Amino acid sequence: MNVLLTGGCGYIGSHVAVVLMSAGHEVVIVDNLTNSRRDVVDKIAEIGGRPPSFYQGDVGDVEFIRDVIRRHRIDSVIHLAGFKSVGESVQLPLKYYQNNVCGALGLLQAMEAESVSNLVFSSSATIYGNPQYLPVDEAHPQHVINAYGRSKLHIEEMLRDVCISRPSLGAICLRYFNPVGAHHSGLIGDHPRGIPNNLMPYVVQVASGEREFLNVFGGDYPTPDGTGVRDYIHVMDLAEGHVAALNHLSLSTGWHAFNLGTGKGYSVLEMIRAFEGGSGRAVPYKITARREGDVACAYADIQAATLGLNWKAKRTLEDMCSSAWFFQNHLSTRRQGSGR
Ligand code: NAD
Ligand code: UD1
């Protein structure tokens, strides 16, 4: 299949690219590199044994996307391009609506004009808000509390409407829980610009000595050890979920949503311990105030994805920690080599 992968130079997109390539698909990446680096394309090529096609450009640019679709006879689109910082979305909501919602709108217009009728979209478990029950299934009420989450919800709703108006369209919203880890080669992984917002990249930087200690946001949650519990999923398992979604679309049309998680929650302290075990490095931490907007505990009901997509996460917490650490070591070696 010829697959247009938007945001393919990013953390998740680069892993989706290598999994698609190893499943025999032709991958065409569109990324404007606002949160990624051009050399990721070379790393994907190194892992995949052949280069993906790459275009630097904006997903909301309808004529540009139409041209890419025609040129590569695109059958299916996996849409990951978007901004993802919750804190920034609270400060700059219009930036998020412009890029995420208008970007998806432009992409959908281009797909409709070129009669492309399969779409996989990267949504987020953030749309469930504070869980009313656990595990969180796809029917859980939605309650977004920031512009980032609302941008995801708007896109999901836009896709519902478009599926009703175009019965030939198939759209799958994948609601990711907490992707962590990296490809086993150490060539691609989570490489955020600036101070990491998410737990795992911060832990990695503390272990490597780039940062002094980790702030554990809250030690008084109603969880077994008082710290927040999340459903961490290996990014390669998550990437494989996208191939499963594409397979599902070859047999179905209409709108669907699936959680991508493991169904198991780990606390921040459990993550620290697992990472220390996997890396052999200490991760000093201080328990500080809760982070605004955080929930105590969230993990996925994975039944729908298991049955509907015939997909299940199979990598362990140890794999997640050791691959993240291996990627960090590769990064440090490359930086030393380039004098950065
Ligand atoms: P990322 O920032 O690493 O990757 C996103 C990529 O999209 C970047 O390469 C960026 O340059 C590109 N991009 C952004 N806006 C663009 C535009 N208008 N046109 C073209 N390219 C554009 O983020 P990620 O962690 O890989 O996340 C990928 C997607 O998954 C995002 O939509 C994100 O909201 C969603 N998601 C991520 C997580 C997570 O924990 N990482 C969780 C839930 C959902
Ligand atoms: C966050 C976002 C979510 C987004 C996801 C992926 C918030 C409120 N939620 O999810 O919308 O989809 O990232 O981008 O920002 N933690 C620490 N110290 C840190 C960092 C995190 O203790 O330095 C804790 C958090 O309090 C939480 C856990 O680690 O309990 C996981 O945090 P994080 O990796 O940021 O993911 P989420 O908050 O689940």
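Only a predicted model underlies this, so the values are computations on that prediction, with no experimental measurement involved. Just so you know, ligand 1 is whichever comes first in the structure, and atom 1 is the first atom listed for that ligand.
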Considering only non-hydrogen protein atoms, determine which one is nearest to [atom] and report residue, atom name and distance to 0.1 Å.
atom	result
atom 3 (O) of ligand 1	Y11 N, 2.9 Å
atom 19 (N) of ligand 1	V59 N, 3.1 Å
atom 26 (O) of ligand 1	I12 N, 2.8 Å
atom 11 (O) of ligand 1	D31 OD1, 2.7 Å
atom 18 (N) of ligand 1	N99 OD1, 2.7 Å
atom 17 (C) of ligand 1	N32 ND2, 3.2 Å

Using a strict 4.0 Å threshold on nitrogen-to-oxygen distance, state whether [X] and [Y] make a salt bridge.
X	Y	value
E240	K312	no
E88	K95	yes
R290	D220	yes
E276	R281	no

Can you pull the residues with any heavy atom under 4.0 Å from ligand 2?
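Ligand 2 pocket, heavy atoms under 4.0 Å: V86, S124, T126, Y148, N178, N197, N198, L199, L214, N215, V216, F217, G228, R230, Y232, V268, R291, G293, D294.
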Would a line drawn from the ring center of [X] to the ring center of [Y] be shorter than 6.0 Å?
X	Y	answer
F326	H184	no
F327	H183	no
F121	H242	no
F83	Y96	yes

Between the candidates Y148, F83, Y176, which shows the shortest non-hydrogen contact distance to atom 34 (O) of ligand 1?
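The nearest heavy atom belongs to Y148.
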Option nearest atom 5 (C) of ligand 1 (shortest heavy-atom distance, choices S85, G13, S122, G82):
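Of the listed residues, G82 has the closest heavy atom.
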Distance to the ring centre below 6.0 angstrom and angle to the axis at most 45 degrees; does that hold for R211 and Y202?
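Judged by the rule (NZ or CZ under 6.0 Å from the ring centre, within 45° of its axis), R211 counts as positioned above Y202.
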Look at ligand 1 and say whether [X] reaches it with a heavy atom at a distance under 4.0 Å.
X	result
K152	yes
P179	yes
G8	no
T34	yes

Would you kindly say whether S250 and N247 are connected by a side-chain donor-acceptor distance under 3.5 Å?
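There is no such pair between these side chains.
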Closer than 4.0 Å to some heavy atom of L80 - which atoms of ligand 1 meet that?
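Result: 28 (C), 29 (C), 31 (C), 32 (O).
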Near S124, which atoms of ligand 1 are under 4.0 Å from a heavy atom of that residue?
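Under 4.0 Å from S124, ligand 1 has these atoms: 43 (C), 44 (C).
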Under 4.0 Å, heavy atoms only, figure out whether ligand 1 is touched by the backbone of S123, its side chain, both or neither.
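Only the backbone of S123 comes within reach of ligand 1.
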Does only the side chain of L33 get under 4.0 Å from ligand 1, or the backbone, or both, or neither? Count heavy atoms.
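Backbone only; the side chain of L33 stays clear of ligand 1.
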N/O donor-acceptor pair under 3.5 Å between T223 side chain and T227 backbone
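Yes: the side chain of T223 pairs with the backbone of T227.
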Rounded distance (nearest 0.5 Å) linking atom CD1 of I69 with atom CE of M111
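Rounded to the nearest 0.5 Å, the CD1-CE separation comes to 6.5 Å.
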Rounded to the nearest 0.5 Å, what separates atom CD in E210 from atom CD in Q205?
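Rounded to the nearest 0.5 Å, the CD-CD separation comes out at 4.5 Å.
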Using side-chain hydrogen bond (donor to acceptor under 3.5 Å, both in side chains) as the criterion, point out the one residue from S151, S123, S124 that pairs with E156.
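It is S123, the one option of S151, S123, S124 that forms the side-chain hydrogen bond (donor to acceptor under 3.5 Å, both in side chains) with E156.
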